[in-house]
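Notes for the one structure printed next.
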Amino acid sequence: MLDMLHDDDRREDAAAWQARETVRSVRRMGLTLFLTVLLLLVLNSGQLVTWVNGFDVGPVQDRIVGLSASWNEWMEKAGLTEPSEAARENVNNARQVNWDEVWRWIEQEQARSREGARALRGMVGEG
């Protein structure tokens, strides 16, 4: 009988712990989303302008488009759009690489690794 009382206490403790963990998880997720949006606003403001230009026409939407364009200008002046532009350029360059170039690069890296290993073995043998 006493065991059943302890089981109820354990269930209540587990439920309270689970509720606290749920609140913590939601809080962490909210903070993560907020920081992600903030980073995107700062580092990817050009895409923000593209996105809001797709909104329907209306006074509120026009104001949002104007604000996003102003925001993008400020970010460009501060030089904060350069990382996203560089990343986008690198991705576009990677998309244009053909498989022959990739295999050639892999073979060159393997050859460099073999040469490095030979050099290290030679140093060990000399030491």
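The figures that follow rest on heavy atoms only: side chains count, while hydrogens, waters and symmetry mates do not.
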field: Any pair counted as ring pair (Phe, Tyr, Trp, His ring centres under 6.0 Å), so long as it reaches residues 73-112, sequence neighbours left out
entry: none
task: Can you tell me which residue pairs pass the side chain to side chain donor-acceptor pair (under 3.5 Å) test with a partner in residues 49-66, sequence neighbours excluded?
output: none
Check: Thr81 side chain, Glu76 main-chain N or O, donor-acceptor pair, under 3.5 Å: no
message: Please tell me whether Val65 and Val60 are part of a single hydrophobic cluster in this structure, the criterion being side-chain heavy atoms less than 4.5 Å apart.
response: yes
- prompt: Taking only residues two or more places apart in sequence or in another chain, which ones pass side chain to side chain donor-acceptor pair (under 3.5 Å) with Gln96?
  reply: none
Side chain Trp71, main chain Ser45, donor-acceptor under 3.5 Å: no
task: Carefully, step by step, assess Arg24 and Glu21 under the rule salt bridge (Lys or Arg N to Asp or Glu O under 4.0 Å).
output: CA-CA 5 Å; Arg24 284 189 199 121; Glu21 282 301 308; 2.3 Å; yes
message: Quick test of your reading of the model: are Glu109 and Arg112 salt-bridged, counting only N-O distances below 4.0 Å?
response: yes
Residue pair Leu41 / Leu48, side-chain heavy-atom distance below 4.5 Å: yes
- prompt: Quick one: do Leu40 and Leu31 end up in the same hydrophobic cluster if we chain Ile, Leu, Val, Met, Phe, Trp and Tyr together by side-chain heavy atoms under 4.5 Å apart?
  reply: no
task: Determine whether Ile106 and Val97 fall in the same hydrophobic cluster, where Ile, Leu, Val, Met, Phe, Trp and Tyr are linked whenever their side-chain heavy atoms lie under 4.5 Å apart.
output: yes
- request: Before accepting this row, confirm whether a basic side-chain N of the pair Arg104/Glu101 lies closer than 4.0 Å to the acidic partner's carboxylate O.
  value: no
- request: Answer yes if Val49 and Leu43 sit in the same cluster of Ile, Leu, Val, Met, Phe, Trp and Tyr residues linked by side chain heavy atoms under 4.5 Å apart, and no otherwise.
  value: no
